[in-house]
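Down below is the structure, laid out as structure tokens.
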2 protein chains.
Amino acid sequence: MRRQESPGTLSEMNTRVARTHAAVMDAAIELLLEGGPDALTVDGVVARSGVAKSTVYRHWATRDDLVADVFEHLAPQLDPPDPSLDFDESLRTLVQRLADILADDHWRRVLPALMMLKMHHGDVAQIEERISSEQIDVCGDVLRRGMAEGRIAADADVQTLLALLTGPLLMAGLTSVVPIDKVFVDRVVDHFLAGARPRTTD
Amino acid sequence: MRRQESPGTLSEMNTRVARTHAAVMDAAIELLLEGGPDALTVDGVVARSGVAKSTVYRHWATRDDLVADVFEHLAPQLDPPDPSLDFDESLRTLVQRLADILADDHWRRVLPALMMLKMHHGDVAQIEERISSEQIDVCGDVLRRGMAEGRIAADADVQTLLALLTGPLLMAGLTSVVPIDKVFVDRVVDHFLAGARPRTTD
DNA sequence: CACGAACAGTACGATACCGTCTCGTACCAA
DNA sequence: TTGGTACGAGACGGTATCGTACTGTTCGTG
């Protein structure tokens, strides 16, 4: 049991294993985006990637594991804004990054599938839980800062504020009736700040 | 080609045809809600409804037609508010009715499947298009009235306003992190009106 | 009652998919 | 060079599903 160089993340190496792994992953992602989760079949991946089925099952124990790994691989990451920014700029960059995620074609096609599968597929539910909780944490930090600085009503529920802030973005991303551009992002932020600020008269 | 009494909607009669039709429909809806679109299979419907497969195929030419019919049958209808109400009350009842739809367990479980299937399934896409356009019309009428009465900035885009108004509801319905109750509805309306009203200083 | 339409039941062929297995080959480091 | 590992190719069994075909039965209406 020799350790050669402690591989760390598999995908960062360029071994034969990493190459086939990546080939399978790419094909699986393509199939998922083209035809939804039902189109992501083992045989389909084998046909498109050129990787043998026996090799696929050497990397993933079952099809569900592959599906889960694909979602994991596609999940976006919401970086918190630079702490040196003031609250307004923090909120704007945060919303802009959320908008970038929802404007991405890949994620926009995968999101409905994720929402649907999380109700009937335990592993997917776990992945969705992790993704959303991470994003909620990042957004919650910014909102709480706004409350501390008196820009947002301190008696408001953070979860409710989160729905009010990010709901319009989700709506725009899912329905595609409104383009997610900088104009829309600014509108969302302005709208949110106008509706969430503390009451001057009480 | 005799017309007996112009049956109108099939499901409103109580013939044998209507009974089996309804039995299949009920079973199909149950299966869809329990296990998603993949669980809505012809054999499953046959097993649960007690209707023979040959009978199912007498009513629906193919499985996809049955699936589409189920979504059609489950689609909620958004009634426009009473015109005698003033703008504020109209908006509140409208949002309340939207909230009722999104709080309904049936529709909440079906909505993600609808969003997903509309990308890869032509018939479902058509149904989704019809549903959303109807709802957009109803909401748009109310918003335009608010603009005419000077309660909403007249230079705003209706689609954008729609995203700002209904987005939080959609967010709450899909993620279930915020309960969709009267408190939330009032919060959404107040928030929207605060952010969308015309600027007093210009 | 008589008769046709609708129904139940079921066997069947055709695919599609999953996961296992075997056999021979190509890579890569010691 | 050599040995182990990963890989390619594909057959295979088992299962699930769709859609059709066929036979006999039940319903409801004239």
Side-chain angles (χ1 to χ4, degrees), chain A residues 1-7 10-11 13-28 30-32 34-70 117 120-121 123-124, chain B residues 1-7 10-28 31-32 34-70 117 120-121 123-124:
Chain A
M1 194 175 279
R2 69 189 88 162
R3 68 169 74 175
Q4 308 200 3
E5 32 183 332
S6 165
L10 200 66
S11 58
M13 303 191 304
N14 198 16
T15 67
R16 201 150 59 129
V17 174
R19 284 197 298 273
T20 57
H21 186 102
V24 170
M25 210 55 162
D26 291 346
E30 287 180 18
L31 291 172
L32 175 65
E34 290 175 10
D38 291 352
L40 177 35
T41 69
V42 177
D43 290 309
V45 168
V46 167
R48 178 165 302 206
S49 68
V51 173
K53 189 188 285 192
S54 48
T55 307
V56 173
Y57 279 100
R58 182 166 292 126
H59 287 286
W60 293 272
T62 180
R63 174 186 171 271
D64 282 357
D65 290 348
L66 174 60
V67 173
D69 207 5
V70 168
L117 289 180
H120 311 293
H121 194 293
D123 296 340
V124 174
Chain B
M1 192 179 277
R2 71 187 88 162
R3 66 171 73 172
Q4 306 197 0
E5 33 183 331
S6 162
L10 200 66
S11 58
E12 296 179 10
M13 302 192 303
N14 198 15
T15 67
R16 199 150 61 130
V17 174
R19 282 197 300 274
T20 56
H21 187 102
V24 170
M25 209 56 162
D26 291 346
L31 290 173
L32 174 65
E34 289 175 10
D38 291 353
L40 176 35
T41 148
V42 177
D43 290 306
V45 168
V46 167
R48 179 165 301 205
S49 67
V51 173
K53 189 188 284 191
S54 48
T55 306
V56 173
Y57 278 100
R58 189 183 302 269
H59 288 290
W60 292 272
T62 180
R63 173 187 171 272
D64 283 359
D65 290 348
L66 175 60
V67 173
D69 208 4
V70 168
L117 289 181
H120 312 295
H121 195 293
D123 296 340
V124 174

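In what follows, chains are A, B, ... by sequence order, proteins preceding strands, each numbered from 1.
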Would you tabulate the nitrogen or oxygen pairs shorter than 3.5 Å linking the protein to nucleotides 25-28 of chain D?
| from | atom 1 | to | atom 2 | distance (Å) |
| --- | --- | --- | --- | --- |
| D:dT26 | O2 | B:Arg16 | NH1 | 3.3 |
| D:dC27 | O4' | B:Arg16 | NH1 | 3.3 |
| D:dG28 | OP1 | B:Arg19 | NH2 | 2.6 |

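- Atom pair B:Leu40:CG and D:dC18:C1' shows a separation of 13 Å (rounding to whole Å applied).
- Shown here are the side-chain contact (heavy atoms from CB on, under 4.5 Å) partners of B:Arg48, two or more places apart in sequence or in another chain: B:Ala27, B:Glu30, B:Leu31, B:Glu34.
- Each salt bridge (Lys or Arg N to Asp or Glu O under 4.0 Å) pair with one or both residues in residues 49-65 of chain A, not counting sequence neighbours, appears once here: A:Asp43-A:Lys53.
- Between B:Val51 and B:Val45 the shortest side-chain heavy-atom distance does not fall below 4.5 Å.
- Closest approach of B:Ala68 to B:Asp123, counting heavy atoms only: CB-CB, 4.2 Å.
- At whole-Å resolution of the value, CG in A:Leu66 and P in C:dC17 are 14 Å apart.
- Put simply, OH on A:Tyr57 is 18 Å from P on D:dG10, counting in whole angstrom units.
- For C:dC7, one of the phosphate oxygens OP1 or OP2 lies less than 4.0 angstrom from a side-chain nitrogen or oxygen of B:His59.
- Remark: B:Ala52 pairs with B:Ser54, B:Thr55 by the side-chain contact (heavy atoms from CB on, under 4.5 Å) rule, at least two apart or across chains.
- When rounded to the nearest whole Å, the span between CG of B:Asp38 and P of D:dC18 equals 10 Å.
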Contact string for nucleotides 8-16 of chain C, one letter per nucleotide 5' to 3', B = base within protein heavy-atom range under 4.0 Å, S = sugar-phosphate only, - = neither, reads BB-------
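- Across the protein-nucleic acid pair, B:Arg63 atom CZ and D:dT20 atom P stand 15 Å apart, rounded to whole Å.
- Qualifying side-chain contact (heavy atoms from CB on, under 4.5 Å) partners for A:Ala47, counting only residues two or more places apart in sequence or in other chains: none.
- The side chain to side chain donor-acceptor pair (under 3.5 Å) search around B:Thr20 returns B:His59, not counting sequence neighbours.
- Taking 4.5 Å as the limit, every side-chain heavy atom of B:Val42 sits out of range of all side-chain heavy atoms of B:Trp60.
- The interatomic distance linking B:Trp60 (CH2) with D:dG19 (P) rounds to 14 Å, in whole Å.
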